[in-house]
Structures are given as structure tokens and as C-alpha cells.
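Throughout, a chain's letter reflects where its sequence line sits, starting with A, and its residues are numbered from 1.
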Amino acid sequence: MKAPTRDDLIDFVYEEARMLDDGRFDEWLDLWTHDSFYWMPLDYNQEDAKHVTSLLHEDTFMRKLRVERFKGERTFSQKPKTRCHHVLNRPFIDHVDDEKGEYVTHTAFHYVETRLDDQILLAATARHELKLIEGKLKITHKRVDLLNSDAAFGNIQMFL
Amino acid sequence: MSRYANNPQAIQNLIRPTEVHRDVYIDQEVFELEMKHLFANTWIFVGHESQTPNKGDYFTTEIGTKPVIMVRHSDNEIYVLHNRCPHKGTKIAIDRTGNTGKFFRCPYHAWSFKTNGCLLAIPLRKGYKDTGLEESESVHGMAPVGAVKNYRGFIFARLNKEGPDFESFFGESLSSFDNMVDRSPEGRLEVAGPPLRYMHRCNWKMLVENQTDTCHPMVAHESSAGTAIDLWEKMDKPEGTQKPMAMEVIAPFMSPYEFFENMGIRTWPNGHGHTGVHHSIHSDYSAIPGYFEQMVEAYGEERAKAILGENRHNTVYFPNIMIKGPIQQLRLFTPIAADRTLVESYIYRLVGAPDMLLERTAMYNRMINAPTSMVGHDDLEMYERAQEGLHSDGLEWVNVQRLYQEGENFDEIAVENGTTERQMRNQFHAWEKYMTLTMEGDA
Ligand code: FES
Ligand SMILES: [Fe+2]
């Protein structure tokens, strides 16, 4: 890929969500650079990921662990399995730097997670920081802000 | 029909030496009596003084199911007031924190109150002239709780005016709080950000019991901690690569039974107790550069070593908090209904210590106790299955018999094998005592 077009960037964000909804987790793990982070703050407008509590701040190892755990024979909270469903607004392209191959998108979405008779609906915004590496877009950082991040939740088991 | 109100004998009948009746977990009447008696007779954690650092700062929370406001008054003391207008009951503040200035003003009819609760003014007061307002309970303003204690920055309250005093209720168990605070070179903690808030569809006591349940980690957490260990071992990495902080946090959950047996459990009177008398899952964390030197400077080498050598695992303060001294975490189990509990997990900064310690603490909190945390999912799955399972009529009693000894005396401090369920029995002994302390029998 030469410099990605707007459509390439938008398609990437949609495709990422589809992988999660389809449960194609190994493919999803490959979308990330090795030093990337997935961050879900606990507080509205939180700036520090490390010295106050976050809901998630996951590096490659932790993301892989969650995916492996989903598959485990003795993962009782995944018996039966959770399913998820994303509905995305069209992503905004917030930043384009073809020289460096760096891009930022901003996507509002609704997320549904279900297991047994329970179903939760969350409203969230994702900020993807992407990098073009060897002709492929990769995620270097993904920040997910829940609209109600300070609410008391039951289990949220999947990636948003 | 009421089965338990005004019937201390019926309450006592729920607790046997080695088992407890399921009604302590699933019966809504028992739950309401817990709120009326147990949570009014005992000292309940409210908040930390650093949550209200300035005069007029307040923080809203619950003692059991009762809404209260913790507020710093003009005398710089922290007061705990019932969050209820003496006029028509309106909650005075509903945001979780804020600053109210010199007084609270009710948003409904503008009665105002000093930050110690005293009535300040009523608009159009002449309408109460000659009505006998002076004799009403409303004239005293926002009611304070029965008693408040600030212990090294941690605010506790007792709803009832009469009851056990703070020191005799907690006794030597306060050594766990001391150790947590002493780990700051300045002997001071500060709350770090808002707490995690995690809703559990189970009884609050299941959470409290789980804090000293040392036979579940290697089973229930095999899915998270066990998988982490496998993954790390299989990972391509240069010989001698240091374990990342995340592995240091999660791997010890898979320690074998012997590890937990040997760590020991200590019980104190009134339902308090802790795991990790000799060592714990927090013992083998890497040293943080510069911290030990700061501690030696502050306390001298011998005392610094003694403070840091104490690695208690979970300390339960009956009825509804747990603290982890070595990582400065406090978890509050707030009952909402017989089958609903809000868990709030707070972390604190060791004032004067390196930031990297706080980084590990924040990591522990989100990895182990968040609604998004794998370890949290493992636990909640078990609590919710138990809450549902107890409705089966196959059996009526829950077993807490492991390492039971005939004639256990909970008024004495004891140190036992770390897999004993003695601490759970200790909690139910205290439960029975404080449930019936102020309960008058019909008979
Ligand atoms: S309810 Fe508070 S002033 Fe009327
Ligand atoms: Fe657990």
C-alpha cells in the first residue's frame, strides 16, 4: 500500500470491529504493533494511564492473555461464551501524516455484549493511532472512552 | 410474615460452629436486619481524609444502605452527616465529590446548614413562629452519625450513638492499617483517583469471605493466572529476561496449596483477620529503585526493614472492607440488597515514595479488581453461581468447616494454617453478636 486513502483508514476501523464481532481474535491480535497499548480510562477525560486506575491498559502480552483465556478449558466465566456486537459511526480522520505514515481516527460507536440472558449496551468513542508498516496499517494505540466510564458495571469481558 | 425481626434466637440459629444457614445470603429480611443492626452497631469505613482536603469539601457515600456525606468543617475536622434534609428528606448532595463552601443549601426549599450539620437558616422563617419548631427534630439540622473516628487518615463511622468504641472494636487488627501507612516515608497516604466500581449480583458476605479463601485462587483463577504462566513460558524471549510487572502481579495466584497453607491466617476478635502472616502473594515483588533508601532515611534501617518485611496479604476489617498493606489498596463491599453488592476498589499513593510503586498499585487494581479484569471475571462467576445455587432446596446449609477445631474461642487472637476457614467462622461469630446486640426479643 502506498499512502492509505480516507477509505482505507475508515475500512480499517470497521474491519477491526468486525473481527471482534466475528471472534477472529488471532487475526485481531496481528493488527497491533509489538509495543502498542489498548487503553480504557476509568475517569472522564483521564490523562494518566498509569498512576491512577484505568479499566484496561493492555500491552501485547495482556491482550494475548485475554484471547488465550477465552479459549481455555477451565475459563468458567466463558462457559457459555460471551458474544459482542459493534455499531460504528463513520470514523472521522483526525490526523494524516503520509510522510511518517501516521494516522489518527475518531469513532463513536455502540457496543453490545451478551451472555446467557444478560445483555449490556455501552456507548463509547474510540481513538485509533495507526502506523503504516511494510505497507500495512497497524494499531500503535487505541483509546476507548466509555460514555459512563464512572458507572458501576457488572462484567465486561470482551474488547470494545 | 416476619421470621427474624425481634427474634434473636432465630438469628442465632442461623449460625452453627461449622456451617451457616443459606438465609444469611439470600433472605431479604435478614438483609434488612443487617442494615438495621449489624451496620449500625459496628464501625464502617466511610472514606479517606485526602478525599476532602479543604474546608467545605465533601464526599457522598453509603453506610450500608444509608446515604451519608463526609465533609470537612470550618474547624478542619471531618464530619459524617446523614444525607437527608430535615425538612422533607431530600438528599442534600448527590454528586460524588464537591465543595459546598461554608454551608449546605437544600435544593428544594433552601433550608441551609453549617458543614457540621447545624441548622443555619430557613427562608420565611416567621411561618414557623409559635408552631413549636424548636421542639421538632428538624430544628437540629442535618443529623450527624453516632460517632466518627479518623484513624491515620481513614474515616470510620458508627451509626448508633451507643456501641463499642473504635479501639476496642478493632484492637490489634489496626496493625495492618499502621503497616500500610508506615510504608510512606512521610507516614501519610493520599487517595489516587476515583475507585473502580464493580456491581456484583451476590450477597456482600460472599465477597468478604472470599478475601481469606486461600483454596480458590489456584482453581478459579487457573483460567487467568495459569494461562498467563503458560503464555510467558512459551514466549520467545532471550535467556534471563526479567518478568514484567504484570507477571509479578498475576503469577502468584497460581501458587500451590503448600504456599497458602504456610502463609498462615491470623484472626482477631470481632470478626477481623488476615491472610499472609509469614509471607504472601505480595512478598516477591521486585524492589523499586530508591525506595528502600528513602525508608531507611525516614525510619532507620531496622525499622524500615521491619515495615517492609511485613507482607500481609488480605486484611478483613469486619464487616465490609479489605485492605492490602503492601500495595495500598482498600476494597469496600457495600451491600445494596441480599443479592446485590457494590464493590469499590480504592488505591492510595505513598506520600514521598517513588511513582513506580503507585504504578504497580494501579496495575494491580485494574488487573485484578476491575469489571474488565479477567481475575475479577473468575471470581464474580463463582459468587453469582453460588447466589443462584443457594436457592436450591436440596441442602440448606453452607459449609465453613475446613480445619475446624472443637471449642474455638474467637475472643482470642490465633494464628493458624493458611487454608483454615477459621476467619470465616470468626466473621459469622461477630455477625451473630452484632446482629443481636441491639435486637429486642418479642418473647
Ligand atoms: S426538603 Fe430540604 S428544604 Fe425542603
Ligand atoms: Fe479470587
CE (B/Met367) and NE2 (A/His57) are apart, to the nearest 0.5 Å, by 13.0 Å
Between B/Ala192 and chain A, which part of the residue has a heavy atom less than 4.5 Å away: side chain, backbone, both or neither?
-> both
Could you tell me which portion of B/His200 (side chain, backbone, both or neither) has an atom closer than 4.5 angstrom to a non-hydrogen atom of chain A?
-> neither
Take atom NZ of A/Lys100 as the centre, draw a 6.0 Å sphere, and report whether it contains more than 12 heavy atoms from other residues, nucleotides or ligands.
-> no
Structural part of B/Arg96 lying under 4.5 Å from a heavy atom of chain A | side chain
Relative to chain A, which of B/Arg197, B/Met247, B/Arg201, B/His377 shows the most heavy atom pairs under 4.5 Å?
-> B/His377
With rounding to the nearest 0.5 Å, note down the distance linking CD in A/Gln78 to CE in B/Met374.
-> 11.5 Å
Should A/Leu65 and B/Ile250 count as side-chain neighbours, where that means a heavy-atom distance under 4.5 Å?
-> yes
Spatial distance of atom CG (A/Leu55) from atom OG1 (B/Thr372) [nearest 0.5 Å] = 4.5 Å
All heavy atoms of B/Glu381 vs all of A/Phe76, minimum pair found to be OE2-O, 3.5 Å
Where on A/Phe70 is there a heavy atom nearer than 4.5 Å to chain B: the side chain, the backbone, both, or neither?
-> neither
More than 12 heavy atoms of other groups within 6.0 Å of A/Phe92 CZ | no
Can you say whether B/Glu222 sits under 4.5 Å from chain A via the side chain, the backbone, both, or neither, judging by heavy atoms?
-> side chain
Quick check: are there more than 12 heavy atoms from other residues, nucleotides or ligands sitting under 6.0 Å from CZ of A/Arg24?
-> yes
Residues, nucleotides or ligands: over 12 heavy atoms within 6.0 Å of A/Lys71 NZ = yes
Mind ranking A/Arg115, A/Gln46, A/Met40 by heavy-atom pairs under 4.5 Å with chain B and telling me who comes out on top?
-> A/Arg115
Where does A/Met158 contact chain B at under 4.5 Å (heavy atoms): side chain, backbone, both or neither?
-> neither
For B/Pro244, is it the side chain, the backbone, both, or neither that has a heavy atom closer than 4.5 Å to a heavy atom of chain A?
-> neither
Residues, nucleotides or ligands: over 12 heavy atoms within 6.0 Å of B/Ile94 CD1 = no
Largest heavy-atom contact set with chain A, pairs under 4.5 Å, which of B/Ala220, B/Ala228, B/Gly193 | B/Ala228
Region of B/Leu342 in contact with chain A, defined by heavy-atom distances below 4.5 Å | side chain
Answer yes or no: is there a side-chain heavy-atom contact under 4.5 Å between A/Lys64 and B/Met235?
-> no
Interchain contact, B/Arg349 with chain A, by part (heavy-atom threshold 4.5 Å) = neither
Is the number of heavy atoms from other residues, nucleotides or ligands under 6.0 Å of A/Asp98 CG greater than 12?
-> yes
Grab the two heavy atoms, one from B/Ser223 and one from A/Arg74, that are nearest each other, plus how far apart they are.
-> CB-O, 3.5 Å
Nearest heavy-atom pair of B/Pro371 and A/Gly154: which atoms, and what distance?
-> CB-O, 3.3 Å
Spatial distance of atom OG (B/Ser373) from atom CG (A/Asn155) [nearest 0.5 Å] = 8.5 Å
Closest contact, heavy atoms only, B/Leu231 versus A/Glu68 = CD1-CG, 3.7 Å
Under 4.5 Å from a heavy atom of chain B, the part of A/Asp59 involved | neither
Is it the backbone or the side chain of B/Ala246 that comes under 4.5 Å from a heavy atom of chain A, or both, or neither?
-> side chain
Any idea which heavy atoms bring A/His51 and B/Ala362 closest together, and the distance?
-> C-CB, 4.3 Å
Which bit of B/Ile347 is near chain A, if near means a heavy-atom gap under 4.5 Å: side chain, backbone, both or neither?
-> side chain
Answer yes or no: are there more than 12 heavy-atom neighbours, outside A/Arg18 itself, under 6.0 Å from its atom CZ?
-> no
Residue part contacting chain A, namely of B/Met363, when any heavy atom lies under 4.5 Å | neither
Note, B/Tyr346 side chain near A/Thr53 side chain (heavy atom, < 4.5 Å) | no
Counting heavy atoms not belonging to A/Tyr44, are there more than 12 under 6.0 Å from its OH?
-> no
